[in-house]
Asks: 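Input: one structure, supplied below.
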Amino acid sequence: MTTAIGHFIQGAASAGSSVRAQDVFNPATGAVTGRVALANGADVSAAVASAQAAFPAWADTPPIRRARVMFKFLELVNQRKDELAHLITAEHGKVFTDAQGEVARGIDIIEFACGIPQLLKGDFTDQVSTGMDNWTLRQPLGVVAGITPFNFPVMVPMWMFPVAIAAGNTFVLKPSPIDPSASLFMAELLRQAGLPDGVFNVVQGDKEAVDALLVHPDVKAISFVGSTPIANHIYETGAHHGKRVQALGGAKNHMVVMPDADLDQAVDALIGSAYGSAGERCMAISVAVLVGDVADKIMPKLVERTKALKVLNGTNLAAEMGPIVTAAAHARITGYIEAGQKEGARMLVDGRRFDARQTGDGCERGFWMGGTLFDHVTIDMKIYKEEIFGPVLSCVRVPDFANAVQIINDHEFGNGVSCFTRDGNVAREFARRIQVGMVGINVPIPVPMAWHGFGGWKKSLFGDMHAYGEEGVRFYTKQKSIMQRWPESIGKGAEFVMPTAK
């Protein structure tokens, strides 16, 4: 039995007017579990119209009252967070404990958004000139939209809509059609929290829905997380149509292991960050940069741990890694593994040989793959240059720290990076000199906390502002400067020169 999955418009479920739809799978079993509607332009217009109609009243709602809705939403999400995690596992495939972690990081953003009255405070200067005052305030943009990826169907939307809504905007979410159910679950919790109808809407869909949002005149801003080619398209098209755009793209994250590092800790970090969530994270470590004689010491440990990965149905609490999200993604990752072999990388563990029968009952037809480990990867190889987005770890050997920094700085992506060392000077120099937006020192996945903001450099980010944190507040608001004086302080006669402080 399959479930029909539709949209959420004007505070209620909506089937929409489009006749297009696509199957939703359980990646662990390969079974079709749902059928998701794919919005057409009319469906997108209906969602935007709902948000546009709701905007004036919501924008005029005092920030403290908007925050109270967020507090209630926070309470409801905390009560039902495991249900959200189960939805993630059922449609994405990541292990349940990892899904719980995803929800927890989303909850952090809701908590941050609850402080919106403090975050919206402006500045005031009295007597900037005789009898004149000047102050600034931040006001919402209007209807804003979020286009989010399959790999974090709860956390990434929560990077966006809690801050946007708390700041007084109305929101249209276009989630991935691969795992759409969590979006409707969140919409229902927002409704229960007392959010007025139309403030939050969901349109399921694919490129047709995205393109409709990009050109719609009432959509004032677009937030996107996904691959770099699509991020670039979103940025260029949205900006061309006069929208504020925040587009987070792809990554090729390196982890440098220095000779003085604790090798057991480094192995733990590499295994967890390379193979967690089957490598389907924009912050996954996909390249280990092994400095000096580290490679000969660490490779046997990596081989042993990669072979011992507990690849199981995500509902099994013993699982360390679940299936690949779709059959198409499985085929794409397989192609990268084949390319690595052809280009001369040394394959030490081949994840294609994984036996799906050991993953759990009924999982033989799931989209399964084990961890793959390459050594002697060089920077001219496809598996080094391109984002694989799968459980493939490439090991690059370099003679010294300077070479490690150079190859990372030369890469076109600059999302996340890590360095494992005991040397404080090395750590400081690495953090200062590396051309990457998010840096970890003995932290393999340095995703910033809710009040700091997420974003990479180079081809990992298109736009000027990072997601969530104070930059998220700035992205979803516009500053207004106001100067005033009153009749008693106004001099007589026209003034024809540039005003100056008097």
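Bear in mind the structure is a predicted one, so any value in this text is a computation, not a measurement.
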Asks: For the atom pair CG (L87) and CZ (F185), what is the distance rounded to the nearest 0.5 Å?
Replies: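 Result: 6.5 Å between the selected atoms.
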Asks: Given 3.5 Å as the limit, does a donor-acceptor pair link the side chain of Q246 with the main chain of S223, or not?
Replies: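 Flag not set: sc Q246 to bb S223 has no pair under 3.5 Å.
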Asks: Would you give me the side-chain donor-acceptor pairs under 3.5 Å for residues 461-475, sequence neighbours excluded?
Replies:
unit_1	atom_1	unit_2	atom_2	d
Y468	OH	P448	O	2.7
E471	OE1	H466	N	2.6

Asks: Looking only at heavy atoms, which two atoms of D179 and P153 are closest? And how far apart?
Replies: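 So the two residues come closest at OD2-CG, 3.6 Å.
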Asks: Just by distance, no angles: are the side chains of D400 and N403 close enough, under 3.5 Å, to form a donor-acceptor pair?
Replies: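 On atom types as modelled, these side chains qualify, holding a pair under 3.5 Å.
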Asks: State, without any angle test, whether E343 and T378 hold a side-chain donor-acceptor pair at a distance under 3.5 Å.
Replies: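 On atom types as modelled, these side chains do not qualify, holding no pair under 3.5 Å.
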Asks: Counting only N and O atoms by type, is there a donor-acceptor contact under 3.5 Å from the side chain of K72 to the main-chain atoms of Q192?
Replies: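 No, the answer is negative, given that no donor and acceptor are paired below the 3.5 Å cut-off.
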Asks: Using side-chain heavy atoms (C-beta onward) and a distance below 4.5 Å, is C419 in contact with M258?
Replies: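 Side chain of C419 against side chain of M258, heavy atoms only: contact under 4.5 Å found.
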Asks: Can you name the side-chain contact (heavy atoms from CB on, under 4.5 Å) partners of R353, sequence neighbours left out?
Replies: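 Result, side-chain contact (heavy atoms from CB on, under 4.5 Å) vs R353: D350.
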Asks: Check for a donor-acceptor pair, side chain of N415 on one end and backbone N or O of G437 on the other, with a separation under 3.5 Å.
Replies: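 Such a contact is absent between N415 side chain and G437 backbone.
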Asks: Assess, by modelled atom type and distance only, whether the side chains of S181 and E91 contain a donor and an acceptor separated by less than 3.5 Å.
Replies: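 Yes, because at least one side-chain N or O of S181 sits under 3.5 Å from a partner of the opposite role on E91.
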Asks: Do V144 and K243 come close enough that some side-chain heavy atom pair is under 4.5 Å?
Replies: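 No; the side chains remain at least 4.5 Å from each other.
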Asks: Mind running salt bridge (charged side-chain N to carboxylate O under 4.0 Å, His left out) on E304 and K301 for me, showing each step along the way?
Replies: CA-CA 5 Å; E304 179 184 0; K301 297 174 182 284; over 6 Å; no
Asks: Within a strict 4.5 Å, meaning less than it, do heavy atoms of the P391 and I324 side chains meet?
Replies: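 Of all side-chain heavy-atom pairs linking I324 with P391, at least one is under 4.5 Å.
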Asks: Taking T228 for its side chain and G250 for its backbone only, find out whether a donor-acceptor pair lies under 3.5 Å.
Replies: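 Yes, because the side chain of T228 sits within donor-acceptor range (under 3.5 Å) of the backbone of G250.
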Asks: In Å, rounded to the nearest 0.5 Å, how long is the span from CG of D108 to CH2 of W159?
Replies: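 Interatomic distance, D108 CG to W159 CH2, rounded to 0.5 Å: 12.0 Å.
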Asks: If we ignore angles and hydrogens, is there a donor and acceptor under 3.5 Å between the side chains of T421 and D260?
Replies: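 Per modelled atom types, T421 and D260 side chains form a pair under 3.5 Å.
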Asks: Do you know the tightest heavy-atom contact between A295 and P300?
Replies: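 Reported closest heavy-atom pair: O-CD, 4.5 Å.
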Asks: With a 4.5 Å cut-off on side-chain heavy atoms, are R352 and T334 touching?
Replies: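 Yes; the side chains approach each other to less than 4.5 Å.
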Asks: Output every pair passing salt bridge (Lys or Arg N to Asp or Glu O under 4.0 Å) with a member in residues 267-291, not counting sequence neighbours, ordered by first then second residue.
Replies: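 Qualifying pairs: D98-R281, D268-R305.
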Asks: Among residues two or more places apart or on two chains, list those pairs meeting salt bridge (Lys or Arg N to Asp or Glu O under 4.0 Å) that have a residue in residues 372-386.
Replies: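 Salt bridge (Lys or Arg N to Asp or Glu O under 4.0 Å) check on residues 372-386 returns D375-R397.
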Asks: What residue pairs, at least two apart or across chains, pass ring pair (Phe, Tyr, Trp, His ring centres under 6.0 Å) with a residue in residues 386-428?
Replies: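 Pairs touching residues 386-428 that pass the test: F150-F389, H254-H411, Y384-H411, H411-F413.
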Asks: Within the distance-only criterion (no hydrogens, no angle test), does the side chain of Q204 pair as donor or acceptor with the backbone N or O of V202 below 3.5 angstrom?
Replies: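 Between the backbone of V202 and the side chain of Q204 there is no qualifying donor-acceptor contact (under 3.5 Å).
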Asks: Distance alone, cut at 3.5 Å: any donor-acceptor contact between the side chains of N442 and Q265?
Replies: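 Per modelled atom types, N442 and Q265 side chains form no pair under 3.5 Å.
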Asks: Could you tell me the separation between the OG1 atom of T89 and the CD atom of Q100, rounded to the nearest 0.5 Å?
Replies: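 It is 8.0 Å, given to the nearest 0.5 Å.
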Asks: Find out whether V325 and N151 are in side-chain contact, i.e. whether some heavy atom of one side chain is under 4.5 Å from a heavy atom of the other.
Replies: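 Result no, sub-4.5 Å side-chain heavy-atom pair not found.
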Asks: Donor-acceptor pair, N169 side chain versus I165 backbone, under 3.5 Å?
Replies: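 No, because the side chain of N169 does not come within donor-acceptor range (under 3.5 Å) of the backbone of I165.
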Asks: Quick one: does V417's side chain get under 4.5 Å of I408's, heavy atoms only?
Replies: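 Result yes, sub-4.5 Å side-chain heavy-atom pair found.
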Asks: Measuring from atom CG of L393 to atom CD1 of I285, what distance do you get when rounded to the nearest 0.5 angstrom?
Replies: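 The distance works out to 9.0 Å.
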Asks: Would V392 and I383 count as a side-chain contact (heavy atoms from CB on, under 4.5 Å) here? Give the steps.
Replies: CA-CA 9 Å; V392 180; I383 59 171; 5.6 Å; no
Asks: What are the two closest heavy atoms between A145 and V219, and how far apart are they?
Replies: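 For A145 versus V219, the nearest heavy atoms are CB-CG1, 4.1 Å.
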Asks: Taking T359 for its side chain and N313 for its backbone only, find out whether a donor-acceptor pair lies under 3.5 Å.
Replies: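 Such a contact is absent between T359 side chain and N313 backbone.
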Asks: Could you tell me whether the side chain of S460 and the main chain of G414 form a donor-acceptor pair under 3.5 Å?
Replies: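 Such a contact is found between S460 side chain and G414 backbone.
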Asks: G249 and A231: which non-hydrogen atoms are nearest, and at how many Å?
Replies: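 Result for this residue pair: CA-CB, 3.8 Å.
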Asks: Tell me which pairs pass salt bridge (Lys or Arg N to Asp or Glu O under 4.0 Å) where either residue lies in residues 402-423, with sequence neighbours left out.
Replies: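 Pairs touching residues 402-423 that pass the test: D262-R422, E412-K459.
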Asks: Quick check: closest heavy atoms across C395 and L302, and the distance to 0.1 Å?
Replies: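 Scanning both residues, the minimum pair turns out to be SG-CD1, 4.2 Å.
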Asks: Could you name each residue pair satisfying ring pair (Phe, Tyr, Trp, His ring centres under 6.0 Å) that touches residues 295-351, not counting sequence neighbours?
Replies: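 Every pair satisfying ring pair (Phe, Tyr, Trp, His ring centres under 6.0 Å) with a residue in residues 295-351: there are none.
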Asks: Can you name the closest pair of heavy atoms from L190 and M70 and give their distance?
Replies: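 What the structure gives for the nearest pair is CD2-CE, 4.1 Å.
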Asks: Could you grab the distance from atom OH of Y476 to atom CZ of R138, nearest 0.5 Å is fine?
Replies: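 The distance works out to 14.0 Å.
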Asks: List in chain and number order the residues that pass ring pair (Phe, Tyr, Trp, His ring centres under 6.0 Å) with F8, two or more places apart in sequence or in another chain; answer none if no residue qualifies.
Replies: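 Not a single residue meets the ring pair (Phe, Tyr, Trp, His ring centres under 6.0 Å) criterion with F8.
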Asks: Report yes if some heavy atom in the side chain of I147 is under 4.5 Å from a heavy atom in the side chain of M160; otherwise report no.
Replies: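 Sidechains of M160 and I147: no contact.
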Asks: Quick one: which residue pairs count as a salt bridge (Lys or Arg N to Asp or Glu O under 4.0 Å) with a foot in residues 306-335, not counting sequence neighbours?
Replies: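 As it turns out, there is no salt bridge (Lys or Arg N to Asp or Glu O under 4.0 Å) pair with a partner in residues 306-335 once direct neighbours are skipped.
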Asks: In this structure, are over 12 heavy atoms from other groups packed under 6.0 Å from R428 atom CZ?
Replies: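 No, the 6.0 Å shell around CZ holds no more than 12 heavy atoms from other groups.
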Asks: Would I222 and Y235 satisfy side-chain contact (heavy atoms from CB on, under 4.5 Å), going step by step from the backbone distance to the final call?
Replies: CA-CA 9 Å; I222 298 278; Y235 180 69; over 6 Å; no
Asks: Inspect the surroundings of NZ in K81 and state if more than 12 heavy atoms from other residues, nucleotides or ligands are less than 6.0 Å away.
Replies: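 Atom NZ in K81 is not crowded, with 12 or fewer foreign heavy atoms closer than 6.0 Å.
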Asks: Let me have the donor-acceptor pairs involving side chains of residues 109-122, under 3.5 Å, with sequence neighbours excluded, atom names and distances please.
Replies:
unit_1	atom_1	unit_2	atom_2	d
Q118	OE1	K121	NZ	3.3

Asks: Listed by chain and number, what are the side-chain contact (heavy atoms from CB on, under 4.5 Å) partners of P259, not counting sequence neighbours?
Replies: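 side-chain contact (heavy atoms from CB on, under 4.5 Å) list for P259, sorted by chain: V291, D293, V294.
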Asks: Can you check whether P157's main-chain N or O pairs, donor with acceptor, with T148's side chain at less than 3.5 Å?
Replies: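 Absent.
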Asks: Taking the side chain as every heavy atom from C-beta outward, state whether V36 and I178 have any atom pair closer than 4.5 Å.
Replies: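 They are not in side-chain contact.
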Asks: Taking S394 for the side chain and V287 for the main chain, is one N or O donor matched with an acceptor at less than 3.5 Å?
Replies: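 No; zero donor-acceptor contacts below 3.5 Å.
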Asks: Using the test side-chain contact (heavy atoms from CB on, under 4.5 Å), find all partners of K220 that sit at least two apart in sequence or belong to another chain.
Replies: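 So K220 forms a side-chain contact (heavy atoms from CB on, under 4.5 Å) with L141.
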Asks: Take I88 and K94 through the test side-chain contact (heavy atoms from CB on, under 4.5 Å) and record every step on the way to the result.
Replies: CA-CA 7 Å; I88 296 168; K94 69 177 64 176; 3.8 Å; yes
Asks: Quick one: CG on L213 to NZ on K174, what's the gap to the nearest 0.5 Å?
Replies: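 It is 9.0 Å, given to the nearest 0.5 Å.
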Asks: Please evaluate residues R346 and F374 with respect to the criterion side-chain contact (heavy atoms from CB on, under 4.5 Å), reporting the C-alpha separation (whole Å), side-chain torsions for both, the decisive distance (0.1 Å), and the verdict.
Replies: CA-CA 5 Å; R346 183 183 175 193; F374 282 109; over 6 Å; no
